Amino acid sequence: MQSASLDSYDPVRTINSGQVFLWQRQLDSWYGIYGQHIVKISGTRGIHKVNSYPKSDSIQSRIFRLDDDVRTIFAELEGDPLIKRLLTKYQGLRLMRQEPEQCLFSFVCASNTNIPMIRRMLFNLARRFGSRMALDGLEFYSFPSADTISKARISDLLACGLGYRVKAIKAVAESIVTGALDFRTLTKMSYHDAKRQLTQIYGVGNKIADCVLLFSLDKLEAFPVDVWIARALVKNYQWLFESKLSDKLTPHQYDDITDRARQHFGRYAGYAQQYLYYHMRHQAGANW
DNA sequence: GTACAGGCAGTAT
DNA sequence: ATACTGCCTGTA
């Protein structure tokens with residue numbers, strides 16, 4: 001019973017994992033913005049139906065990574081006692097596969113702020129620069145394209161509450177528009193090569209690059225270390241690290257930590273990160 | 001007022 | 001290499 005349902009998935013738990021920002025609860029359903037699509041999760045009692053508008057048959061499998069062989073993945077991660085416990089405790093939690101452009105813009109906005117603020121910035125961006133869509137009598141806005149953002153006025157971006165991130169947002173939009181950054185190519189590259197490309201962009205450092213690699217470019221070995229993960233490691237994995245860990249990281253410490261985490265958790269370290277992150281937030285009583 | 005929040009680049013040692 | 005600093009903005 002327990003192992004049989006370990007490969008189940010719970011879309012609502014997954015969208016509340018804190019790694020995707022443009023979701024909202026309305027009329028007993030959840031609505032998310034996925035590039036040009038609205039994704040709707042309806043249903044109750046843990047039995048959910050996922051639809052997308054415009055309609056797409058493959059989008060559910062795509063965004064919830066139902067193509068991943070989680071039995072194999074989880075079997076590898078069970079070697080770690082804490083992760084083994086969390087896999088059962090948070091059954092149904094998956095990683096999500098986000099739309100790369102939206103993902104990169106989102107995590108650039110995420111630097112040095114909190115989730116309510118990130119959501120505000122992204123909803124503002126969508127409302128101002130996205131296309132209006134209607135569903136169930138509700139109003140939604142698609143996520144704006146890099147082209148649109150590259151042409152946007154600085155003052156309009158500032159009005160979205162982006163603050164000093166505008167410079168980075170512009171740099172990201174530019175590199176996409178000029179083709180200097182190409183997600184298809186990055187997906188085919190190795191983790192390290194793709195990361196090197198991403199971090200060339202102004203405003204994209206280690207952490208943001210790892211988030212984009214894991215959440216949108218299928219690099220499951222990526223192990224983003226934000227303050228929450230750092231705290232989880234300090235608390236539960238101090239033994240993994242020679243020098244003492246603190247939850248403030250210099251760039252060199254960041255590399256050291258992700259490398260060791262990857263060594264310890266293996267090629268699916270990103271899944272371990274997802275469960276650790278969810279666990280920390282859950283324990284902190286987060287409900288944003 | 002002021003500390004702080006899911007990093008980053010710039011500058012000085 | 002490593003440490004220190006400022007940064008938009010909103011909230012507690």
Side-chain angles (χ1 to χ4, degrees), chain A residues 14-23 93 95-96 98 102-125 127-128 149 152-175 181 195-216 222-235 241-259 261 270 272-288:
Chain A
T14 301
I15 64 168
N16 284 314
S17 65
Q19 316 287 17
V20 287
F21 303 103
L22 290 181
W23 284 86
L93 174 64
L95 268 175
M96 284 185 76
Q98 303 184 34
Q102 182 174 343
C103 186
L104 180 51
F105 283 120
S106 296
F107 282 98
V108 167
C109 288
S111 89
N112 195 24
T113 189
N114 49 47
I115 287 178
M117 285 293 298
I118 300 164
R119 288 170 55 81
R120 178 197 305 256
M121 291 181 230
L122 295 175
F123 274 115
N124 285 344
L125 272 178
R127 189 167 57 243
R128 191 169 284 247
I149 292 176
R153 296 162 42 148
I154 303 292
S155 57
D156 288 337
L157 292 170
L158 285 171
C160 294
L162 298 179
Y164 62 85
R165 298 169 192 82
V166 165
K167 194 174 167 189
I169 293 288
K170 277 288 191 186
V172 167
E174 283 298 315
S175 39
L181 194 69
K195 184 168 179 176
R196 204 166 301 122
Q197 284 246 349
L198 280 167
T199 51
Q200 305 249 323
I201 302 170
Y202 177 89
V204 180
N206 264 325
K207 193 266 177 180
I208 293 176
D210 275 330
C211 287
V212 174
L213 290 163
L214 176 60
F215 299 132
S216 71
F223 191 89
V225 182
D226 54 36
V227 296
W228 291 93
I229 289 296
R231 286 172 197 152
L233 296 177
V234 167
K235 189 165 148 64
F241 306 92
E242 305 165 347
S243 55
K244 285 193 185 60
L245 267 184
S246 74
D247 56 8
K248 267 294 181 191
L249 304 179
T250 65
H252 182 261
Q253 281 174 318
Y254 185 102
D255 288 335
D256 186 54
I257 290 170
T258 43
D259 288 346
Q273 195 267 9
Q274 175 78 339
Y275 275 81
L276 282 174
Y277 183 79
Y278 189 88
H279 181 53
M280 293 302 284
R281 277 169 45 90
H282 187 264
Q283 283 195 320
N287 62 340
W288 52 79

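The figures that follow rest on heavy atoms only: side chains count, while hydrogens, waters and symmetry mates do not. Numbers restart at 1 for each chain; the letters A, B, ... are given by sequence-line order, proteins then strands. The structure presented is a predicted model; accordingly, all values stated were derived computationally and were not measured.
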Where the side chain of [X] is defined as all heavy atoms beyond and including C-beta, which of [options] is the nearest nucleotide?
X: A:I208; options: B:dG7, B:dG6, C:dT9; result: B:dG7
X: A:Y202; options: B:dG6, B:dG10, C:dT9; result: B:dG10
X: A:N112; options: B:dG6, B:dG7, C:dG10; result: B:dG7
X: A:D226; options: B:dG6, B:dA5, C:dA3; result: B:dG6

field: Any side-chain heavy-atom pair of A:D210 and A:V225 under 4.5 Å
entry: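 Side chain of A:D210 against side chain of A:V225, heavy atoms only: no contact under 4.5 Å found.
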task: Answer yes or no for A:K207 and A:Y254: cation-pi contact, defined as NZ/CZ to six-membered ring centre under 6.0 Å and angle to ring axis within 45°.
output: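 Verdict for A:Y254: no cation-pi partner in A:K207.
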Which part of the nucleic acid, if any, lies within contact of [X], taking any heavy atom under 4.0 Å across all strands shown: a base, the sugar-phosphate backbone alone, or nothing?
X: A:R120; result: sugar-phosphate
X: A:V166; result: nothing
X: A:I201; result: sugar-phosphate

task: Supply the atom-to-atom distance A:F105 CZ to A:L125 CG, rounded to the nearest 0.5 angstrom.
output: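 The CZ atom of A:F105 sits 8.5 Å away from the CG atom of A:L125.
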A:Q98 CD to A:L22 CG distance, which is reported to the nearest 0.5 Å: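 It is 9.5 Å, given to the nearest 0.5 Å.
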- prompt: If you pin A:M117 and A:N206 to their nearest nucleotides in DNA chain B, which one's is more 5'?
  reply: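 Closest to the 5' end, via its nearest nucleotide, is A:M117.
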- request: Could you check A:S17 against A:K167 and say which one's nearest nucleotide on DNA chain B is further toward the 5' end?
  value: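 Between the two, 5'-proximity favours A:S17.
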Whole-Å gap separating [atom2] ([N]) and [atom1] ([X]):
X: A:L158; N: C:dC7; atom1: CG; atom2: C1'; answer: 13 Å
X: A:N114; N: C:dT9; atom1: CG; atom2: P; answer: 14 Å
X: A:I115; N: C:dT11; atom1: CD1; atom2: P; answer: 16 Å
X: A:I118; N: B:dA5; atom1: CD1; atom2: P; answer: 13 Å
X: A:L198; N: B:dG7; atom1: CG; atom2: C1'; answer: 15 Å
X: A:R165; N: C:dG10; atom1: CZ; atom2: P; answer: 11 Å
X: A:R231; N: B:dG6; atom1: CZ; atom2: C1'; answer: 9 Å
X: A:D256; N: C:dA1; atom1: CG; atom2: P; answer: 15 Å

- request: Measure distances between side-chain N and O atoms of A:Y164 and base N and O atoms of C:dG6, and say whether any donor-acceptor pair falls under 3.5 Å.
  value: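 Per atom types, no contact qualifies.
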query: Distance check: side-chain N/O of A:H252 vs OP1/OP2 of C:dA1, anything under 4.0 Å?
result: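 It does not, given that no N or O in the side chain of A:H252 lies less than 4.0 Å from OP1 or OP2 of C:dA1.
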Whole-Å [atom1] distance, [N] and [M]:
N: C:dA12; M: B:dG6; atom1: P; result: 14 Å
N: C:dG10; M: B:dA9; atom1: P; result: 24 Å
N: B:dC4; M: C:dT5; atom1: P; result: 15 Å

- prompt: For the residue pair A:W228 and A:Y277, does the interplanar ring angle fall in the parallel (under 30°), tilted (30 to 60°) or perpendicular (over 60°) class?
  reply: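 Correct class here is perpendicular.
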Who pairs with B:dG6 - Watson-Crick or G-U, where each distance is under 3.5 Å: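 Result: none.
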- request: If C:dC8 has a Watson-Crick or G-U wobble mate with both distances under 3.5 Å, name it; if not, just say none.
  value: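 The base-pairing partner of C:dC8, which may sit in any strand shown, does not exist here.
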query: Looking at A:L162 and A:C109, what are the two nearest heavy atoms and their distance?
result: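 A:L162 and A:C109 have their closest heavy atoms at CD2-SG, 3.6 Å.
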